[in-house]
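Worksheet: one structure, shown below.
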Amino acid sequence: MTVAENNSSEYVGPKLGGFATKVSWYARQQMFDLLMALANPSADTTVLDVGVTSDRREDCNFFEKLYPHKDKITAVGMEDAAFLGMKNK
């Protein structure tokens, strides 16, 4: 059983839901939009996302959810987040 399956990771936070999740998602969307404006990546730009998590909450691993060129992301972290790559296949 992996960390993601048993949800025993010390990094997995509580499911916030409701207003807190909306505020978190809004803040992350703003950060993503700023990054995209500054970096101006193309479909050929490769990206290294350091710090992915096994947490499957709506507001986690937001870069993988928002980035338009998912096949160009290499994601690394301390936990098993292999499920992120499965979405792209």
Side-chain angles (χ1 to χ4, degrees):
M1 185 176 293
T2 67
V3 171
E5 291 171 335
N6 70 15
N7 206 21
S8 65
S9 169
E10 63 187 82
Y11 301 106
V12 175
K15 183 175 174 116
L16 300 174
F19 181 73
T21 297
K22 289 178 184 173
V23 169
S24 175
W25 182 256
Y26 177 79
R28 288 178 164 103
Q29 177 75 55
Q30 297 303 305
M31 289 185 280
F32 178 81
D33 291 345
L34 179 59
L35 173 66
M36 294 299 283
L38 291 172
N40 195 24
S42 71
D44 296 323
T45 305
T46 57
V47 177
L48 176 62
D49 184 6
V50 178
V52 296
T53 178
S54 64
D55 197 333
R56 295 182 185 226
R57 289 186 339 228
E58 180 182 333
D59 59 336
C60 292
N61 301 312
F62 69 95
F63 188 82
E64 284 71 21
K65 294 174 185 172
L66 298 174
Y67 194 68
H69 313 293
K70 294 176 182 8
D71 61 322
K72 297 295 183 178
I73 300 173
T74 299
V76 297
M78 299 293 291
E79 304 173 77
D80 179 3
F83 67 92
L84 291 172
M86 293 179 180
K87 288 190 238 179
N88 300 328
K89 295 183 181 195

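Between the CD atom of E79 and the OG1 atom of T53 there is a distance of 4.0 Å, given to the nearest 0.5 Å. Rounding to the nearest 0.5 Å places CD of E64 at 9.0 Å from CZ of F62. A distance of 8.5 Å separates CG in L84 from CD1 in I73, rounded to the nearest 0.5 Å.
For F83 against N61, the heavy-atom pair with the smallest separation is CZ-ND2, 4.0 Å.
Under the salt bridge (Lys or Arg N to Asp or Glu O under 4.0 Å) criterion, no residue pair touches residues 36-52, with sequence neighbours excluded.
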Name the atoms and distances for all side-chain donor-acceptor pairs under 3.5 Å in residues 29-39, with sequence neighbours left out.
| residue | atom | partner | partner atom | Å |
| --- | --- | --- | --- | --- |
| Q29 | NE2 | D33 | OD1 | 2.9 |

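Side-chain atoms of S54 and D80, non-hydrogen and from C-beta on, never get closer than 4.5 Å to each other. Within the 4.5 Å cutoff, the side chain of K72 has no heavy atoms near those of the V47 side chain. Inter-residue side-chain proximity for L48 and V76 is flagged as met; some heavy-atom pair is nearer than 4.5 Å.
Between the K65 side chain and the C60 main chain, a donor and an acceptor come within less than 3.5 Å of each other.
H69 and Y67 have perpendicular rings, their planes meeting at more than 60° on a 0 to 90° scale where under 30° would count as parallel.
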